[in-house]
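Only one structure is covered here, and it is reproduced in the block below.
We count ligands from 1, going down the list as the structure has it; atoms in each ligand are counted the same way.
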Amino acid sequence: MSALNDRLDTGDIILIDGGMGTELERRGVVMDDQAWAGAAMRDQPDLIKEIHRDFIDAGADIIIANTYAAAPHVLEHAGLAGEAGALNLLACRLAREAADEAGVVRDLYVAGSMSSFRAGLEVDKLPSEKEARASYHEQAMRLAEGGVDLLIAEMMLDPVITEYCVSAAAETGLPLWIGFSARLGDDGRVLGFHKYADDPLEETIKVALAYNPEACGIMHSDVADTVPALECLKQHWQGTLFAYPHSGEFIMPNWQFDTVISTGDYVVEAKRYIDMGVHAIGGCCGMGPDHIRALKDGLPGFVV
Ligand SMILES: [Zn+2]
């Protein structure tokens, strides 16, 4: 990780991968109606590894293990409560094997994902505070045991869940990146990407920053909302910035790909992020290996 920090400090652009869950879906995997991509370690481990490899071959320096929807409090709704530890460890192993077998000269990093995802995306599937804290703690420990290089708290969008998730991640002592997920309100305010409440994103940011992240960014936010969300984040965070927005629309349990941004248009957007000081860029839902390859080929500063 010190090598990664050195690269970030010197202004190198680091590439993050694209969306694993939506790429599984695009390749024909039936998504679980409760745990979405979180059940795929059981059903499609070889395909997960293949997708990691495709993102690495496209240019990703950081690949994110498929643990976004694999917290114990999510998997229990898919009938996988007893397998949560093993499935998180397997997700880490698949990512690490893909990195080790890629045979590339550059350093690769495996991130473990923890997120605000709730089973079925239903508000009543949120566990009690005690259950949520225990679940996030268990997942964080398994990801650390699985040997990830860093943890990314993904889709942080409200102050309560963010505190549960980020505090558990921070307990591991692993480098911590925090990804905020935003939308614009009718009045143009930057809100958490959350259909149940209008939480100003800055309230979530303030909670998260108490846990000493090494980097913060905007992810799983619409491309059109990412620049204003980055501006909001920059008012509170002067450290390393990342961005990996989504493109398209989610209708649980399936991503709608017909409106995904073209690779060329995404490179234009990514250059705007760089102009704002962003140093690590990738894609979230809807963005596949072609988008990452376009970043590698289209952004300045890469030795191709
Ligand atoms: Zn996403």
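Here Arg53 does not pair with Glu50 in a salt bridge; the nearest charged N to carboxylate O distance is not below 4.0 Å.
Remark: Arg106 pairs with Ile56, Asp61, Val104, Leu108 by the side chain to side chain contact (heavy atoms under 4.5 Å, CB included) rule, at least two apart or across chains. The side chain to side chain contact (heavy atoms under 4.5 Å, CB included) check on Glu214 picks up Met1, Asn5, Pro175, Trp177, with sequence neighbours excluded. Ala270 meets the side chain to side chain contact (heavy atoms under 4.5 Å, CB included) test with Tyr273, Ile281, Leu295, Leu299; sequence neighbours excluded.
Protein nitrogen, oxygen and sulfur atoms, that is N, O or S, within less than 2.8 Å of the Zn ion (ligand 1) amount to 3.
Within 6.0 Å of CG in Asp186 there are 12 or fewer heavy atoms belonging to other residues, nucleotides or ligands.
Ring centroid separation for the pair Phe117 and His220 does not come in under the 6.0 Å cut-off.
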